[in-house]
Every structure is written in structure tokens, then in C-alpha cells.
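Structure first, commentary second.
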Amino acid sequence: MFDALTDRLNDVFRNMRGRGKITEDNVREVMRDVRTALLEADVHLDVVKSFVKEVTDKALGAEVVKTLHPEQVMVKIVNDELINLMGPIDSRIPWVAGGPTIILMAGLQGSGKTTTCAKLAKYCLDRDKKSMLVAADLKRPAAIDQLEVLGEQLGVPVHAERGHKNAVKVCRNGVGIAQKKLIDVVILDTAGRLSIDDELMTEIANVSRAVSPHQIYLVLDAMTGQDAVNTAKNFNERLELDGVILTKFDSDTRGGAILSVKSIVHKPIKFIGVGEKLDRLDEFHPDRMASRILGMGDIVSLVEQAQQQVDVEEAAKLEAKMKKGDLSLDDFVKQMDKVMGGRSLKDMLKMIPGVGGMMRDTDMKIDEGEITRMKAIVSSMTPKEKTDPKLLNASRRRRIARGSGADVEDVSGLCKQFIQARDMMKAMAGMGMRDRMKFGTQFAQQSMAGGKMPSFKAKTKPKFKPGRKDRRKARKRRSR
Amino acid sequence: MGLFDKLKSALGKTRDKVVSSFKTVLPFGRKIDEDLLDDVYDTMIQDDFGPATADRLVDAVRTAWKAGDIAESQDIITHLKQHIVAQWPPAHRDLAKADTGPTVILVAGINGSGKTTSVAKLANYLKKQGKKVALAACDTYRAAAVLQLTEWSRRCGVDIIKHDQGADPGAVAYDACEAAVARKADILLVDTAGRLHTQDNLMRELNKIQRVVEKKIPGAPHEVLLVLDATSGQNAITQARSFSEHVTVSGIILAKLDGSAKGGIIVGIRDQLDVPVKFVGLGEQIDDIEPFDPETFVEALFAE
């Protein structure tokens, strides 16, 4: 996501670097590139125009020209303006005390409403809110079935009335049932509709009047072009939106809609959908998004995601194990799985400040298969071997290699790395936070040197092979 | 005043006319100048032509203007119409046909682009031409997708070959090919699961479906149609490119053209990739599909 926009902006700023001095001409030239980059990212034309003008004015206002590091100042200006453009946003859902919070979902066909409804239900579930889904999409064939399947997957009740034609009634009944059942959140899934389809827009306005929802969200495809703004505007006129949820953000879209919607329709982006799985719904944070657009990484989200995946009790157990130095390979793999949470290694690395740019600069190839191979190797070990990799002699290694379809060197490499990591963790467990960080950075620098990822493959060191002369010498030494 | 406030007030003026069309920026009889060309460029951007294509087209207009071929704004419209229509020669728009046996049409696209609906419309369209049509429900991933296609097959009265949800789409394609041959179907329409072009494993799965079809029926798939959402922006070009890398995309179905977007993105796609548009989707009803006609399309672009 945003990769291409980030690339373009990085190019632009890199070109500024090393010019020594920034003149008005440079700035204008740079901003022309920024303009094209934004237009290619489908940011709305009007937003692009004002944005470029504003940044140019600021940049020329002496602030940039006189500084030693003009490109850094430019990045800061662009970053600040991006945050301004997208924020401020409170991405939480304001729950209603007593009685269900009613959320109405609307959007064009194929924007991802039904999936997003399920994702929202999961979001509520994770926050200990009982939710219920109402299938009010009576248009698309099998839309009710789809919602029911998703509800079943989550263990969330779904209210559906088959053969019904009146979405208003279905919604009203659904809300009534939720009130009786003491449900916390009701999510109304409606049919996809064009914002210019008067009949259907009237229908959804009627639904809204009938159940007076507390929150109305527009679901919008992140890949929408210039028309995103018109859609949002039209829906807002009929429904008084509370926010927008942008979907399909896991594609390589440059997601310009995210910049346009807030500034033209004045409605905040609340969530972004970042994958097909039902837990892939992220809260939206403008500041983090701005740094992501500019390729400055997003460490806060990374840490948050990791925290979400790891439960506290288990973490304490793990730390104790680490301190003692008896972490097993099983723990290691489990932990890795948790932190990754279905994300690719590349996505994770990109969130670390500085790494994104480095990956582009060095054209670093990430071998996603490495983790799969590592898991295969570990699963081919006996429980005893997993807890104590030092057991692994040549014969065991050969067996594991055969069992996992890896090379013997891979197995050896993994063991060596694991033992190293375990020792390092043991050492770190005794340190304070500051030393830990220092240690971590040093370690990272070592392994990242040369733009290479730490590899599990053992380096094949030329072994010292004793020649005839050496052997004679050794014999002499012994006999002496 | 911060940027945000300024932006707000600046946009306040334009908010009422977010949609500017060629018709409004090009009043009859206005002399061409650089300002007018800028307006034309902006309009192209708003119609999702994309900066590269807009640049190229405006440059072409500028050259013609400097050469004295055109002088007034209505000339621009004529000039652009000719230019854009010429990009889609008529030969490109027919569906390919198998010499013998069933013609296999594979339909692919990203999530929510409108594949299943397009498949249903296409089935209905072809059936009305007297063809015997069979559907293959290869979207075994999305909840209830098989049910959705089954419902469509019932409504238009065509055969469907399906497995349960979660089945291997390659296996469905295999069975569908056998069934199509056995039942002497003229056309086999293969619906596939929506997949983002960035999901490499799913793109490989799509390629596998194509290979399965290739093996079962020589010369198939005779068409691989990519469904694009007319509201999508510049990312559609990336989509078209990525899908072409994994399967032999032979045409585009531009869905949802009945919305407020004009689908200018296909001009951009034609500019950068050699993939013709074959059909356009114009609504939710089963009859709302038409063969792509560049003249009508361009006419609509310049209308209002």
C-alpha cells in the first residue's frame, strides 16, 4: 500500500539532496513532481492543487531555503500537511450506554460492505461487545447466505428474513430483537447502491430514519479514482455520515481517496481494511499514515500489533524461560507466528523506520519462503530435540533434513542461529531497557550489514584441513 | 490560517462543481489558449484518464493547435474524439471462438469488481444469441459465492458446474471442462474468486486454473476477460498489468459504468497496455451488458 506514492516522493526528495542550495526554481520543479505523484495516486484534483500551492508557499517562505538540510525541512512540511489533511480523527466507536449501539453500513456495489460488517463484528467481539448482524441486502443473490456464513464463522448471531423485500422492516425488526436480547452492537448490512440511484438512496435514507443509527459508515474501495469524492459527497447528503471505512488497502493502491475524502467531505476515515481475513481491520491514524506515505515507517502500529497478538501471561512465562536460557525451538516458532499474524515479512520490515527506504535503495530481496522452510525444519524434530538443539548430531541433522526437504546446512544453520539468539536473549534478559536497545541496534546493524537479511543458512567456512606436514608436526608434538 | 482551513475555504468554492465536464470547460467558439488546455487537462484528470495519458493527449491537442489545424474549443472535442476512438479498432471487440468444441471464457478480477454479476450477464447475453452456455463456479473462497452464481444460473436457465465451498478451483475447472464437452456446450464461462493482484499465491492459483483448462481443451481458454470497476482509479492499470503477467488477458469488461464515474481509466489502460475493452456493464439487471462501442463511450465522455 502506498508503495508507489512513497517511491515517487522519495525520488523527489532524494533529488533535492546534495543540491546544496534550494532555489525557487528547484522547489517549483519538485512540487511539479509531487503534483504528478499525487494525481497518479488518485488524490482528488482540487485537493492536489491546494496542497501543492500551500506547500510551495511554505517552502518558499524562507523556512526551507535557508536551512542546511532543505530536503528534511521539505519532508517535514509535507508530513505536517498530510497529517492536517487526514486528521484529526478519533477512530474509536462511541458506544452507547445501555441499549445497543446501532451501526449502519452503506456503500457502492463491490466496495466490501458485507466483509467489513463481519470485520466490525469481530472488532466488537475483541472488545467484549456482543454484536449482531442484520442482513438487509435483499438485492444481491445469496448476500444473506454470505452474511450468515460469516456470522457462523465468528459465532455472531445474524438476523435475516428471507423472501422479504422491505429493507426498512428487516432493519427495524433486527434492532428490536437486539434490544430484547441485550445485544451491545447491531451492525446493519445494506445492499450496494450507486449514489445517483435515487430510488435506492431513498430506501437507505428511510432505513436511517426508521432505526436512527448512532453511527453511519460509508464503505469505500481504496482503489476508487477521482469519483470517490462524489460518492462520499452524495452519500453524505442523504445520510449524514459519521465516518468512512476504506477497504482493500492491502493492494498496491496509492489510496489517494484517503487524502481527498476528509478534506472535501469533512468526514473522518475510521478504519482501513487490510486483508481478506476477518481480523484485518485497522484503526486509522493520520500521523502514522503520513509517515507511511513518506516511507518513514510506522513503528507504533508494529508494536501495537505485536502487543495485540501476544497475551500477557504467556509473555511472562516466555520471559522466565528466556532468562533461564531454556527457550525451545517450538516457543520460537510460535512466537514468530504470533507476531507476524499472517503478515508477510516484507510488510513487517517496512514498518520499521528507515528500513523501507533501505529496502528500495538496495533492492533487497526478501525470501518469504525462509520462514516456511524454518517451520518445516522445526516440525521435523522430536520434542526432545526442539528443547535442546545441542542434541543434534550429524545423523539427526541428516534425518531432519530428509524429513523437512531441506539441506543439512539449513538445519545446521538454523540450530546455530537459534542457540546464538537464545544466548543473546539470556544476556539481554538481565539488562535494563537502555542496554537492551543498544544491544538490539548493534545486533541489527551487524546482521543487516551489506543490505542483506540475516539468513538461516550457515556460512560455509573453509575448514582447516591438516596436510601431511601438519600431521607430522602434531605427532612430533605429542611424542615430545 | 493553517493549510487545512485555507483548503477548506478554497474547496468550498469548488465543492459545488466537483464534476466539471468537457462540455462546461469547452464552451462553443472559445479561442484556444494555454489556460483552456489546462482546463482540458484537469477535466481528463477528473475522469480518471491519469496524468500520463492526459499529458499525452493535451500535448497532441497543443501540437495541432500550434500547427494551426484547430483554433476553437469545439475543435478540441472533435480532435480528441477522433484520437480516442481510433485507439479501439473494431476488429478488437469480437469474442474469440473455438473451431470445434466449447469456447472457454475465463473471467478474473479483483474483489468486488463485479465478476459474478458480469458472468451472469454474459451468460444471458450469449444464451439469447442461441448459444448453449455452461457456468463453472470456481469462486470457492468467498462465503456464498457458489450460491450467488447458482441463483443466477437458475434465473437465466443455464447449466452450472460446481463443487462445495472451499474446494480446489482447479478441480472445478477440470470437471467443468469435461461436462462442457460431454453436454456439447458452445460456451463455458468460468467464474473465479476475486483476488488482489498483489497476492502472489492467488495469482498463481489463477494461472493454475488457466493451465487446467488448457490441458483439458486444446486452445482454451479462448478468452480471458478481466473485470474492472469503472470507478477505479489509476490502480486499474496496475491491475491489468499484473493480471496479464499471470494469465493471458485478452479483453476487459468494464463494470459499473452506470455510476457517476466515467471510466476514463480505460483510455489510460489502452494508452499503456494492448488490451481491448470487450463489454461494458451498465446496471444491476441481467440485461445490463453491452458490447463496448468506443464511439458511444467517447460520446458519453464528452456529453453533459
Side-chain angles (χ1 to χ4, degrees), chain A residues 4 35-36 39-42 44-47 49-51 53-55 58 80-81 84-85 108-112 114-115 139-150 153 194-196 221 223-231 233-234 247-248 250-254 256-257 263-264 266 276, chain B residues 2-4 6-8 10-11 14-15 18-19 42 45-48 50-52 54-55 110-114 116-117 120 141-152 155 165 194 196-199 229-236 238-239 242 255-256 258-262 264-265 284:
Chain A
R35 181 186 147 105
T36 312
L39 284 178
E40 268 172 6
D42 293 317
H44 194 266
L45 181 68
D46 294 337
V47 181
K49 279 184 176 170
S50 334
F51 183 84
K53 186 176 179 309
E54 230 18 75
V55 175
K58 276 209 173 165
D80 289 352
E81 302 308 349
N84 266 340
L85 213 55
L108 302 179
Q109 290 92 338
S111 53
T114 308
T115 309
K139 278 257 158 194
R140 188 171 51 124
I144 298 179
D145 299 285
Q146 188 186 352
L147 198 66
E148 275 179 343
V149 172
L150 293 171
Q153 275 173 23
L194 293 170
S195 61
I196 48 172
D221 185 332
M223 281 172 267
T224 318
Q226 298 280 324
D227 198 52
V229 165
N230 297 325
T231 303
K233 261 187 67 174
N234 290 343
T247 58
K248 305 180 204 169
D250 46 330
S251 68
D252 56 355
T253 173
R254 303 174 205 180
S263 52
I264 293 193
H266 308 303
E276 290 202 55
Chain B
L3 166 72
F4 187 62
K6 271 196 199 167
L7 200 57
K8 247 202 266 192
L11 292 176
T14 45
R15 260 172 67 197
V18 172
V19 192
D42 287 355
I45 291 291
Q46 292 197 340
D47 285 345
D48 289 323
D55 262 341
I110 64 159
N111 317 57
S113 54
T116 306
T117 312
Y141 180 80
R142 199 194 69 198
V146 177
L147 284 172
Q148 187 183 346
L149 196 67
T150 310
E151 175 60 23
W152 279 122
R155 283 191 206 174
Q165 202 192 324
L196 291 178
H197 49 291
T198 48
Q199 294 159 330
D229 186 334
T231 53
S232 59
Q234 301 309 303
N235 190 254
T238 329
Q239 286 169 32
S242 309
K256 307 186 203 172
D258 51 330
S260 44
K262 296 219 172 121
I265 183 63
E284 290 206 291

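A note on names: the letters A, B, ... follow the listed sequences, proteins ahead of strands, and every chain is numbered from 1.
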- Query: Which region of A/L39, side chain (C-beta onward) or backbone (N, CA, C, O), has a non-hydrogen atom less than 4.5 Å from a non-hydrogen atom of chain B, or is it both or neither?
  - Reply: both
- Under 4.5 Å from any heavy atom of chain B - which part of A/S195: side chain
- Message: Among A/P141, A/A228, A/A142, which residue has the highest count of heavy-atom pairs closer than 4.5 Å to chain B?
- Response: A/P141
- Message: Let's test your reading of the structure: which of A/G112, A/G110, A/A143, A/A257 forms the most heavy-atom pairs below 4.5 Å with chain B?
- Response: A/G110
Within this structure, what is the [atom1]-[atom2] distance for the pair [X] and [Y], rounded to the nearest 0.5 Å?
{"X": "B/R142", "Y": "A/T115", "atom1": "CZ", "atom2": "OG1", "value": "7.5 Å"}
{"X": "A/D221", "Y": "B/N235", "atom1": "CG", "atom2": "CG", "value": "8.5 Å"}
{"X": "B/T231", "Y": "A/L194", "atom1": "OG1", "atom2": "CG", "value": "9.0 Å"}
{"X": "B/E284", "Y": "A/Q109", "atom1": "CD", "atom2": "CD", "value": "4.5 Å"}
{"X": "A/M223", "Y": "B/S113", "atom1": "CE", "atom2": "OG", "value": "9.0 Å"}
{"X": "B/I45", "Y": "A/R35", "atom1": "CD1", "atom2": "CZ", "value": "7.5 Å"}

Considering only heavy atoms, which portion of [X] lies under 4.5 Å from any heavy atom of chain A: side chain, backbone, both, or neither?
{"X": "B/S232", "value": "both"}
{"X": "B/L149", "value": "neither"}
{"X": "B/Q148", "value": "both"}
{"X": "B/L147", "value": "both"}
{"X": "B/D258", "value": "both"}

- Item | Closest non-hydrogen atom pair between B/A144 and A/D145, with its separation | CB-CB, 3.5 Å
- Message: For the interface with chain A, which of B/Q165, B/K256, B/Q239, B/R155 has the highest count of heavy-atom pairs at distances below 4.5 Å?
- Response: B/K256
- Message: Contact between A/Q226 and B/I265 at the side-chain level, heavy atoms closer than 4.5 Å - yes or no?
- Response: no
